[in-house]
Amino acid sequence: MVFIGLYLGLSIVAGDFYKVPMTVVFLIASVYAIAISGGFPLNKRIDIYSRGASSDNLMLMLWIYVLAGAFAASAKEMGAIDAAVNLALNILPANMILPGLFIAACFISISIGTSVGTVVALVPVAAGMAHETGGNVALLTAVIVGGAYFGDNLSFISDTTVVATQTQGCKMSDKFRVNSIIVAPAVVIILIVYTVMGQGMIAPNHIPKVEYLKVIPYLAVLVTAVAGMNVMAVLVLGTLLCGIIGMITGGYGLFDWLGVMGKGVISMGELIIIAMMAGGMLEIIKENGGIDYIIKKLTAHVHGKRGAEMSIGALVSLVNVCTANNTVAILTVGNIAKRIGDKFGLDNRKTASILDTCSCAVQGLLPYGVQMLLAAGLANINPMQILPYLYYPIALGISAIFAILMRYPKKYS
């Protein structure tokens with residue numbers, strides 16, 4: 001409560017959710033957690049905190065972050081993002097700009113595992129298309145933002161996927177199968193909507209040539225991850241392919257590649273620190289009976305699996321609204337969700353999917369979320385202009401609720 005209240009309050013006072021360092025707020029909340037823990041000497045409290053900050057599951061998550069940072073930076077510097085964008089644009093039918101852009105955003109976001117990266121790569125293209133064809137800039141920008149959350153929700157190297165699967169103790173490939181079944185209706189419906197809305201639009205005339213070789217690392221990561229290969233091995237393979245292809249094509253030399261990987265690893269530093277402090281803080285809360293208290297209050301009127309899943313979805317959504325960060329929201333409530341799931345016999349693969357899907361749906365609709373602010377800035381419009389056209393995040397949320405209420409997919413319910 002101190003963390004959420006302090007972060008939310010300071011952000012409102014500052015008028016900017018990204019002016020308040022989340023690491024500092026977590027630090028204050030952590031110090032408070034240690035300070036109020038009665039019945040233990042100070043050294044013992046610090047030991048408990050450190051135990052939570054270095055648990056086996058958390059450390060595995062951190063190693064995945066390190067490798068994901070190295071892969072993402074290597075792929076970007078090598079030119080893989082531009083190659084993927086050009087490939088997607090080259091296969092667009094002339095009269096299907098909207099569904100084509102959505103598919104392009106889905107493909108790129110699931111390949112690079114970040115909604116922010118997808119927004120940065122594609123919003124300028126979409127805005128340029130809108131100006132060239134006389135289209136609605138806010139609509140085309142919203143198409144990209146929506147597609148960006150497809151990959152944020154499903155990608156094997158997405159922060160949210162890593163946190164959701166590690167906190168629930170399930171394989172990424174298993175979560176992918178369940179999650180893809182849950183979101184499939186949303187994707188199909190949105191594609192139909194965009195197809196109808198996009199009739200009469202024309203494709204841009206000047207699309208750069210596709211460098212197919214540079215798309216190989218993304219395809220390799222996607223295929224091997226779906227096939228069930230260990231995610232750390234997948235990321236090592238992807239990073240090596242980026243290095244080899246980058247040196248073959250002249251994208252960078254050996255030492256440039258090593259430098260890029262180093263920058264990629266360092267870029268994950270803040271998330272790693274947040275994850276460790278959240279783990280330590282939650283261990284203190286758990287030791288003092290706080291997790292049991294939250295579960296008791298949250299499930300007081302829950303009598304079955306449907307209610308348990310709904311309470312998990314509501315909890316992660318609420319925390320996401322307060323933090324404006326879906327990864328931190330899942331990280332904050334992941335252990336609580338696991339305890340609720342164990343209490344009511346939920347399938348951990350579906351619980352992980354609910355956490356990820358609900359948080360992505362909420363994050364996609366926050367006008368003060370970093371993705372929306374970034375998209376609005378790149379398109380030179382107001383975030384509130386984009387909001388009415390965000391059909392996919394809405395469909396994503398409805399799909400999650402439908403999966404809970406209708407016990408879908410049945411095999412995992």
Side-chain angles (χ1 to χ4, degrees), residues 1-37 45-46 49-50 52-53 58 61-62 65 114-116 119-120 145 149 152 159-160 163 167 266-286 288 290-291 293-294 297-298 314-337 355 358-378 382-384 386-387 390 393:
M1 289 178 69
V2 167
F3 164 69
I4 293 173
L6 194 60
Y7 182 71
L8 189 61
L10 289 174
S11 298
I12 291 170
V13 170
D16 183 356
F17 270 75
Y18 298 94
K19 201 169 185 178
V20 181
M22 196 167 281
T23 47
V24 175
V25 182
F26 258 115
L27 178 61
I28 294 169
S30 296
V31 170
Y32 174 76
I34 293 171
I36 65 163
S37 296
R45 300 179 211 173
I46 295 171
Y49 183 89
S50 300
L58 183 61
M61 190 191 307
L62 301 189
Y65 283 162
T114 164
S115 52
V116 172
V119 166
V120 170
V145 174
Y149 282 102
D152 203 0
D159 296 342
T160 59
V163 176
T167 57
I266 291 170
S267 71
M268 304 300 283
E270 184 179 21
L271 187 58
I272 289 171
I273 291 168
I274 287 173
M276 292 184 72
M277 288 198 290
M281 193 171 73
L282 287 167
E283 187 68 20
I284 287 280
I285 294 171
K286 179 182 175 183
N288 284 279
I291 301 294
Y293 176 81
I294 292 170
K297 291 295 182 182
L298 196 62
L315 182 61
V316 75
S317 298
L318 176 62
V319 175
N320 205 133
V321 169
C322 296
T323 60
N325 187 309
N326 47 351
T327 304
V328 172
I330 298 172
L331 193 61
T332 305
V333 306
N335 288 337
I336 299 172
L355 280 170
C358 288
S359 65
C360 284
V362 171
Q363 183 71 17
L365 293 169
L366 296 179
Y368 51 87
V370 65
Q371 295 86 348
M372 191 87 85
L373 293 172
L374 189 58
L378 290 169
N382 189 291
M384 297 306 292
I386 304 172
L387 200 59
L390 289 169

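As the structure is a prediction and not an experimental result, all values here were calculated from the model.
Of all non-hydrogen atoms in Ser37 and Ile284, the two that sit nearest each other are OG-CG2, 3.3 Å. Closest of all the heavy-atom pairs between Met281 and Tyr49 is N-CE1, 3.4 Å. Closest heavy-atom contact between Leu331 and Leu282: O-CD1, 3.6 Å. Nearest heavy-atom pair, Gln363 versus Asn325, reported as atom, atom and distance to 0.1 Å: OE1-N, 3.4 Å. Residue Gly364 comes nearest to Met372 through the heavy atom pair O-CE, 3.7 Å, listed as atom of the first residue, atom of the second, then distance. Across every non-hydrogen atom of Thr23 and Glu270, the tightest pair is CG2-CG, 3.5 Å.
Atom CE of Met1 and atom CD1 of Ile294 lie 9.5 Å apart (nearest 0.5 Å). Gln371 contributes atom CD, which lies 9.0 Å from atom SG of Cys360 (distance to the nearest 0.5 angstrom). With values rounded to the nearest 0.5 angstrom, Glu283 atom CD is found 12.5 Å from Ser30 atom OG. Considering SG of Cys358 and CG of Leu318, their distance stands at 12.0 Å, rounded to 0.5 Å. In this structure, CG on Leu355 lies 11.5 Å from CG on Asn326, to the nearest 0.5 angstrom. Atom CG in Leu8 sits 10.0 Å away from atom CZ in Phe3 (nearest 0.5 Å).
Between Thr332 and Phe26, the closest side-chain pair of non-hydrogen atoms falls below 4.5 Å. Within the 4.5 Å cutoff, no side-chain heavy atoms of Asn335 are placed close to those of Lys286. At least one side-chain heavy atom of Leu10 sits less than 4.5 Å from a side-chain heavy atom of Leu6.
Remark: the backbone N or O of Met384 is paired with a side-chain donor or acceptor of Asn382 at under 3.5 angstrom. Under the 3.5 Å distance criterion, the side-chain polar atoms of Asn320 are left unmatched by any main-chain donor or acceptor of Val316.
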